[in-house]
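Just so it is clear, the values below take in all heavy atoms, side chains as well, and ignore hydrogens, waters and symmetry mates. When a ligand or atom number is given, it counts from 1 through the structure's own listing order.
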Amino acid sequence: MNQAIQFTSLEKQLLQLISEKPTPLPELSQILLLEETQIKELLEHFKHLGIAYTITQNDDYFLPCFFDRIDIHQLKQNLNHLKLELFYFDCIDSTNLFLKQAYFKSPITCCLSEMQTQGRGRFGRPWCSPYGLNIYHSMRLSIKLPPNQLKGLSLVVALALCEAIEEMGITTKLEIKWPNDLIIAEQKLAGILIELIELTADACQVIIGTGLNVNSLPQDMPDVEQAWTSLYQLTGTPIAREQLIVRITNKILTFISIYQQTGLKSLKTAWIARDYLFNRTIEVLQGTQPIAGIAQGIDAQGRLILKDKDNQLHFLESGEVSIKK
Ligand code: BTN
């Protein structure tokens, strides 16, 4: 079962208060009309979830990061036309997992959370998901294509994300590292995790999970080893996430509709312009077998084309890429 949590209004108020300034317990107690022990219990709950508040030398409580919960009413109004079912949580194990484990009546279901305790990336790696800063967004929908034509889906979603982000006024070039990483200024900005769940001969239920670093600063995600950045780090300004979520949702649906009609054909030019790996010397790990060569773009199905040292071409459906030069 999923562990989906929605905070009470008291919990939300407490988070808001300690994010505004370091605040002593008596003051919190006075504002929230709660006993100090009750406040401590709520704080203990946050700590248990991994919400990294600090206690200063003066015994003040402080959440030292940008804090702005998603305005879910505004979001629902803006997504209304899509007739999708939207779930929003303060905390969940994983938004992808939530959509996998339940039955939904709408053709399109979307799950968002302010944090994830078991956010996952490709190859089962953890996806760092601190509270209230980034976007953890999953969509479940049916795609009218046979399973063997879905190899290019992560590329299509990546292209959709790039456009959604650029429409927010981001001018630095966004590139895509095959098959699912968004790269900006040589650092990872977002990742996509696609899971195919119900396959028939001519359609598939898919879950498309997007993790996008929006307002996190280095101190918010100290354990991430890969070079990463966020939109806030790039622009120097925190970004309200609602509009970005609306754009992401709309763009993914638009791009999937194009993909259903034309395959990758009409998206090829857009891909070429964002192909981060093109002409780079890389190594692709498939299972335990690395293949080295020079990246030569993608084929009509979205497979990576790799030219090895003997000039032989390899067409790769999946794998982990590392750059050698
Ligand atoms: C990757 O780069 O390896 C993919 C990362 C995908 C992370 C997102 S966050 C929302 C959704 N829920 C998850 O558990 N994973 C995806």
_Glu198 bridged to Arg140 by N-O distance under 4.0 Å_ = yes
_Please determine whether a side-chain nitrogen of the Lys or Arg among Glu27 and Lys21 lies less than 4.0 Å from a carboxylate oxygen of the Asp or Glu._
yes
List of N/O pairs, ligand 1 versus protein, all under 3.5 Å?
| unit_1 | atom_1 | unit_2 | atom_2 | d |
| --- | --- | --- | --- | --- |
| ligand 1 | 2 (O) | Lys188 | NZ | 2.6 |
| ligand 1 | 3 (O) | Arg122 | N | 2.7 |
| ligand 1 | 12 (N) | Thr95 | OG1 | 3.1 |
| ligand 1 | 12 (N) | Gln116 | OE1 | 2.9 |
| ligand 1 | 14 (O) | Ser94 | OG | 2.8 |
| ligand 1 | 14 (O) | Arg120 | N | 2.8 |
| ligand 1 | 15 (N) | Arg120 | O | 2.7 |

_By side-chain contact (heavy atoms from CB on, under 4.5 Å) - contacts of Thr269 (at least two apart)_ = none
*How would you list, by chain and number, every residue that makes a side-chain contact (heavy atoms from CB on, under 4.5 Å) with Ile272, sequence neighbours excluded?*
Lys268
*Looking at Phe278, is Arg280 sitting on its ring face, NZ or CZ under 6.0 Å from the six-membered ring centre and within 45 degrees of the normal?*
no
List the atom pairs, with distances to 0.1 Å, where a side-chain N or O of residues 150-174 and a protein N or O form a donor-acceptor pair under 3.5 Å, not counting sequence neighbours.
| unit_1 | atom_1 | unit_2 | atom_2 | d |
| --- | --- | --- | --- | --- |
| Lys151 | NZ | Asn148 | O | 3.0 |
| Ser154 | OG | Pro179 | O | 2.7 |
| Glu163 | OE1 | Lys251 | NZ | 3.0 |
| Glu166 | OE1 | Arg274 | NH2 | 2.9 |
| Glu166 | OE2 | Arg274 | NH1 | 2.9 |
| Glu166 | OE2 | Arg274 | NH2 | 3.4 |
| Glu167 | OE1 | Arg247 | NH1 | 3.0 |
| Glu167 | OE2 | Lys251 | NZ | 2.9 |
| Lys173 | NZ | Ala273 | O | 3.0 |

